[in-house]
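The chain is numbered in sequence order, starting from 1.
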Amino acid sequence: MDGLEWSEPYQLDQRLEATPPDNGLYRIWYENSDAPLAYIGESSAIPSRLYNHEKAFGGKLYLRTQSASISTLLTNAKRSRQTFLARIISLRMSHH
């Protein structure tokens, strides 16, 4: 999964202006947090998921999205969540 092309970062409350992909991966973080990530997810309905995250956590979190096909998402869903999260976290964070 190294080398994924993530979107430019934007705030969660600006998700509609940024037009996230329908299917894919996303990562969310607080700007001034010691932890690099607040949440990592995959969805076949990213706009809807981001709306739910905004309602739960507020709109001032930052995020990046990555488009992925439904078949890729289904393959990833078969992996254990722990393995999936470990692989995403190991991505080069230089893509900030």
Q: Would you please name every residue forming a ring-ring contact (aromatic ring centres under 6.0 Å, His included) with Tyr10, sequence neighbours left out?
A: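 So Tyr10 forms no ring-ring contact (aromatic ring centres under 6.0 Å, His included) with any residue.
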
Q. Rounded to the nearest 0.5 Å, how far does CG of Leu25 lie from CD1 of Ile46?
A. 7.0 Å

Q.
For the NZ atom of Lys55 and the CG atom of Leu12, what is their distance to the nearest 0.5 Å?
A. 12.5 Å

Q) Between Tyr39 and Tyr26, how do the two ring planes meet: parallel, tilted or perpendicular, split at 30° and 60°? A) parallel

Q) Who pairs with Gln11 by side chain to side chain donor-acceptor pair (under 3.5 Å), at least two apart in sequence or on another chain? A)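 Applying side chain to side chain donor-acceptor pair (under 3.5 Å) to Gln11 gives Tyr62.
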
Q.
So, using side chain to side chain donor-acceptor pair (under 3.5 Å) as the criterion, who are the partners of Asn52 when residues are at least two apart?
A.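 Counting only residues at least two positions away or on another chain, Asn52 forms no side chain to side chain donor-acceptor pair (under 3.5 Å).
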
(Q) Using every non-hydrogen atom in the two residues, find where Ala38 and Leu61 come nearest and quote the distance to one decimal. (A) CB-CD2, 4.2 Å

(Q) Ignoring hydrogens, what is the shortest heavy-atom contact between Leu63 and Leu50? Give both atom names and the distance. (A)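 In this case the closest contact between Leu63 and Leu50 is CD1-CD1, 3.7 Å.
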
**Q.** side chain to side chain contact (heavy atoms under 4.5 Å, CB included) partners for Asp22, two or more places apart
**A.**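 With sequence neighbours excluded, Asp22 shows a side chain to side chain contact (heavy atoms under 4.5 Å, CB included) to Pro47, given in chain and number order.
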
Q. Who passes side chain to side chain contact (heavy atoms under 4.5 Å, CB included) against Ser67, sequence neighbours left out?
A.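 Ser67 satisfies side chain to side chain contact (heavy atoms under 4.5 Å, CB included) with Pro21 once adjacent residues are dropped.
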
**Q.** Backbone N/O of Thr65 and side chain of Ser7: donor-acceptor pair under 3.5 Å
**A.**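 Yes.
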
(Q) Strictly by salt bridge (charged side-chain N to carboxylate O under 4.0 Å, His left out), give each pair with a member in residues 9-19 just once, sequence neighbours left out. (A)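 Listed once each, the pairs are Asp13-Lys60, Arg15-Glu54.
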
